[in-house]
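Okay, structure first, notes after.
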Protein chains: 2
Amino acid sequence: MNISQVAQASGLSARMIRHYESIELLPAPTRSESGYRQYSQRDLHNLRFIHSARQLGFSMEQVAQLLALWQDRSRSSSEVKLLAQQHLQELEQKIVDLQAMRDTLAELARSCQGDDRPDCPIINSLATP
Amino acid sequence: MNISQVAQASGLSARMIRHYESIELLPAPTRSESGYRQYSQRDLHNLRFIHSARQLGFSMEQVAQLLALWQDRSRSSSEVKLLAQQHLQELEQKIVDLQAMRDTLAELARSCQGDDRPDCPIINSLATP
DNA sequence: CATGAACCTTGACATCATGTGAAGGTCAAG
DNA sequence: CTTGACCTTCACATGATGTCAAGGTTCATG
């Protein structure tokens, strides 16, 4: 398979596949005589794995660890679970932070008339710390 | 006031204050004879405003618009409210996206034993799309 | 007055994941 | 052989921020 085909099949862009190779997240694929990257089914599995992990918001570093765990037949599921729980905490934290912003802003917006007059609690609040 | 003083007083870093100046978010302050930036109270108000808006998660572009609205005495509060509501929607969307990730991952983690055995639904799920 | 600490200046490079574009080689179908 | 769709590498851009370096300034203290 050429790169655009695995890109299509994995849901990643060709750009990112090359990038993952360059940062050594992935083994370099074999090349055709003319230098084209040739991907195997195994490569495709790796790429799909990466795509899925990224979809769940894992950082690149976490993805690298997950990949390593995936390859490691003697891993314990607790190692994976630990990683997942760390990421869960990060997600929770981000959610909480965003909710706090949302709540503050929603309250400001609620108290703003939104009419033709210039007076606006939102601006006022930003201006007076 | 020198830059480190307004930095301290506004909650921004000196680095970012210079940056905001370079992207013309802020008017360039006057300079002392030796070239040091000299900030007025008015400048400080601007910087605090920016800091507050960033704390609420507004993008730099939105901050620029908010600043313009703040200066504009003839603005209607509805303009500000509209901007705030746009941002609220973005926040809501991010929250929803993160919650979806969290829920999926939490379910996977829940079903993972987390013991010494290698079998792990988390890894399995990533590996089989 | 001289020295040193603590400030200031600009400029450059790094982060991170990703996009875009250019310049040029390859392949397959017409 | 030509054309179009691929492929290659390299480089630059994003956005907000940190950090480092080389050099000038200010001020307090000896």
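Proteins come first, then strands; the chains are lettered A, B, ... in the order of their sequence lines, and each starts at number 1.
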What's the CZ-P distance between B/R18 and C/dC7, to the nearest Å? 13 Å

Apply the test side chain to side chain contact (heavy atoms under 4.5 Å, CB included) to residues A/H19 and A/M16: give CA-CA distance (whole Å), side-chain angles for both, the deciding distance (0.1 Å), then the verdict. CA-CA 5 Å; A/H19 178 61; A/M16 290 318 297; 3.4 Å; yes

Ion pair present between B/D119 and B/R117, side-chain N to carboxylate O less than 4.0 angstrom? no

Give the nucleotide from the list C/dT18, C/dT9, D/dG18 with an atom nearest to the side chain of B/S13. D/dG18

Would you kindly give the NE2-to-P distance between B/H19 and D/dG18, to the nearest whole Å? 11 Å

With a 4.0 Å cut-off on N to O distance, would you call A/R31 and A/E21 a salt bridge? yes

Name the orientation class of the two ring planes belonging to A/F58 and A/H87 (parallel below 30°, tilted from 30 to 60°, perpendicular beyond 60°). tilted

Map A/N2 and B/I23 onto DNA chain D by nearest heavy atom, then report which one ends up closer to the 5' terminus. A/N2

Can you figure out which of C/dC8, D/dA16, C/dA12 approaches the side chain of B/R15 most closely? C/dA12

Would you classify A/R54 as touching base, sugar-phosphate or nothing, given that sugar-phosphate means primed atoms plus P, OP1 and OP2, and contacts are heavy atoms under 4.0 Å? sugar-phosphate

Which residue lies toward the 5' end of DNA chain D, A/G35 or B/S59, if each is placed at its nearest nucleotide? A/G35

Rounding to an integer number of Å, can you tell me how far A/R31 CZ sits from C/dC27 P? 14 Å

Nearest to the side chain of A/R37, heavy atoms from C-beta on, is which of D/dA16, D/dT8, C/dT20? D/dT8

For B/E21 and C/dC8, give me the distance from atom CD to atom P, rounded to whole Å. 14 Å

Counting only side-chain N and O atoms of B/S32, is one of them less than 4.0 Å from OP1 or OP2 of D/dT25? no

Atom pair distance, as rounded to whole Å: CG in A/L25 and P in C/dT18: 11 Å

CD1 of B/I3 versus P of C/dC8: gap in Å, rounded? 7 Å

Output the rounded distance in Å from CE (A/M1) to C1' (C/dC27). 19 Å

Taking A/N46 as the fixed residue, which of A/L67, A/V6, A/L25 is the one that meets the side-chain contact (heavy atoms from CB on, under 4.5 Å) rule? A/L67

Expressed in angstrom and rounded to an integer, what is the separation of B/M60 atom CE from D/dA13 atom P? 19 Å

Closest nucleotide of DNA chain C for A/Y36 versus for B/S34: which of these residues is on the 5' side? B/S34

